[in-house]
Amino acid sequence: MDFSQFNAAEQAHMTKIIEKKQMQDFMKLYSGLVERCFSSCVNDFTSKTLTGKESTCVAHCSDKFLKHSERVGARFAEQNAAQMAPQ
Amino acid sequence: MWLPVGPRAAVPPCSIPLPRVTLSACAIQTVNSLAHPFKPYTLTLRPHPKLAMSFFGRAPQAPSGSINPQQIEMAEAELSMISDIFDRIVRSCHSKCISEKYAEPDLNKGEGVCIDRCVAKFFEVNAKVGERMQTMGGAAQAGGSFGQ
C-alpha cells in the first residue's frame, strides 16, 4: 500500500496503528531477549545469584542481539529498496 | 520496503521502566527512537511488491477526510506480514550466524558478513517460494485439483 494515496484521516489512523505496533514489538523484543539470554547463559543453579561469568554472558548476549537486529534491519531496508528500484 | 523517514531524533536519556503494564512517555520515546534500527517501518513505507506477493488489489479510494476501511484493512494486513517476515529473518539469521558462546559484545566480521548474506538469501528464497506458489496455484486452478 502506497501511503501517499491515503488521505489525512487514513494516514493519522495508520500512524496510530504503527505506533501501537511498535510498542508491542518493543515489549516482545524485551521479553524475547530476556528468555534468549537466560536460556543460553544461565545453567548453573548452585547459587541464587548470577555468577560473574553469567553476568558477562548476559551482557554480551543482549548487546550482540541488539546489534544483530540493527544490522538485519539495515540490510532488510537495503534489499527492499534494491528490489523496488527497477519496478 | 519500509524506507526510514528523516534523521533519527536524539533521545533524551531516561530509564526504561520495564517491566510494567503501563508505559511511560519516556518508554514511548525510547520505542520511537529504537523503532528505526529494529523495526524498519514508518508511515512512508512502501511495501515491496514481490515481498507483498501482489495478493492485494486496489480498493476504491474514499472521499478525502473519511476513512476507507478496506484500504486500512489491507494496509494493516500488509504491515503485519512484513513485520512477521522481519521477525523471522532476525530469528533464523541469529540461529544460523551467531554462536551461543557470547565471548564478546560486538559482532565480529565473520558474523556481520554472514548476516548480510543470510538476509539476501532469505529474500531470494522468499521470491522463489512466491513464484512456486503462484505457478502451483495457477496449475491447480487450470487442472481443477491441488497437490498432484
Side-chain angles (χ1 to χ4, degrees), chain A residues 1-19 21-32 34 36-37 39-41 53-54 56-85 87, chain B residues 1-4 18-19 23 27-28 30-32 34-51 56 61-62 64-68 71-72 74-76 78-80 83 86 89-90 93-94 97-98 100 102-107 111-112 115-116 118-120 123 127:
Chain A
M1 219 87 300
D2 189 348
F3 283 115
S4 63
Q5 287 202 347
F6 286 169
N7 59 42
E10 290 170 342
Q11 282 204 355
H13 185 79
M14 286 312 293
T15 313
K16 251 195 294 186
I17 291 177
I18 287 178
E19 268 177 22
K21 195 155 210 331
Q22 283 176 344
M23 195 78 68
Q24 289 171 339
D25 288 338
F26 181 71
M27 303 307 286
K28 228 188 291 177
L29 171 74
Y30 172 73
S31 45
V34 167
R36 178 185 287 276
C37 294
S39 58
S40 53
C41 289
K53 206 166 89 167
E54 288 171 340
T56 32
C57 179
V58 166
H60 292 172
C61 167
S62 39
D63 284 352
K64 208 167 222 186
F65 186 86
L66 294 176
K67 291 193 173 113
H68 159 79
S69 190
E70 196 174 339
R71 193 172 182 132
V72 170
R75 296 291 162 266
F76 195 54
E78 274 175 24
Q79 281 283 326
N80 264 281
Q83 283 181 354
M84 275 183 76
Q87 302 288 336
Chain B
M1 193 35 222
W2 306 123
L3 303 167
L18 291 169
L23 292 170
I28 293 173
T30 314
V31 167
N32 282 335
L34 288 178
H36 170 58
F38 300 120
K39 281 289 179 175
Y41 48 77
T42 63
L43 191 56
T44 63
L45 291 186
R46 281 186 297 280
H48 169 45
K50 275 200 193 144
L51 197 61
F56 307 112
Q61 199 174 13
S64 84
S66 64
I67 293 179
N68 183 343
Q71 264 193 324
I72 294 288
M74 288 197 289
E76 281 184 47
E78 204 131 25
L79 181 67
S80 67
S83 179
F86 180 78
I89 292 181
V90 167
C93 292
H94 190 275
C97 289
I98 296 181
E100 305 278 304
Y102 300 120
E104 45 178 28
D106 295 310
L107 298 170
E111 287 168 342
I115 291 169
D116 299 345
C118 176
V119 174
F123 271 67

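Labels below follow one simple rule: chain letters A, B, ... track the order of the sequence lines, proteins then strands, and each chain is numbered from 1.
- A/Asn80 has its side chain within reach of B/Phe123: a pair of non-hydrogen atoms, C-beta onward, lies under 4.5 Å apart.
- Between B/Ala75 and A/Met14, the shortest heavy-atom distance links the atoms CB-CE, 3.7 Å.
- Within the 4.5 angstrom heavy-atom criterion, no atom of A/Cys37 approaches chain B.
- With a 4.5 Å cut-off on side-chain heavy atoms, A/Val58 and B/Tyr102 do not count as touching.
- With chain A as the partner, the residue from B/Ile115, B/Asp116, B/Leu107, B/Asp106 showing the most heavy-atom pairs under 4.5 Å is B/Asp116.
- Scanning all heavy atoms of the two residues, the minimum distance from B/Ser83 to A/Lys21 falls at OG-NZ, 3.3 Å.
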CA sep, side-chain torsions, deciding dist, call: A/His13, B/Gln71, side-chain contact (heavy atoms from CB on, under 4.5 Å): CA-CA 11 Å; A/His13 185 79; B/Gln71 264 193 324; over 6 Å; no
Criterion side-chain contact (heavy atoms from CB on, under 4.5 Å) on A/Asp63 and B/Glu104, from CA distance to verdict: CA-CA 9 Å; A/Asp63 284 352; B/Glu104 45 178 28; over 6 Å; no
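- When all heavy atoms are compared, the tightest approach of B/Glu100 to A/Ser40 is OE1-CB, 3.2 Å.
- Considering all non-hydrogen atoms of both residues, B/Glu76 and A/Ile17 come closest at OE2-CD1, 3.0 Å.
- Inter-residue side-chain proximity for A/Phe65 and B/Val90 is flagged as met; some heavy-atom pair is nearer than 4.5 Å.
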Test salt bridge (Lys or Arg N to Asp or Glu O under 4.0 Å) applied to B/Glu111 and A/Lys64, step by step: CA-CA 10 Å; B/Glu111 287 168 342; A/Lys64 208 167 222 186; 3.1 Å; yes
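- The shortest non-hydrogen separation linking A/Gln79 to B/Ala120 is NE2-CB, 3.4 Å.
- Using a 4.5 Å cut-off between heavy atoms, A/His68 contacts chain B through both its backbone and its side chain.
- Across all their heavy atoms, A/Phe76 and B/Val119 have their closest contact at N-CG1, 4.1 Å.
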Verdict with supporting geometry, B/Cys118 and A/Arg75, side-chain contact (heavy atoms from CB on, under 4.5 Å): CA-CA 10 Å; B/Cys118 176; A/Arg75 296 291 162 266; over 6 Å; no
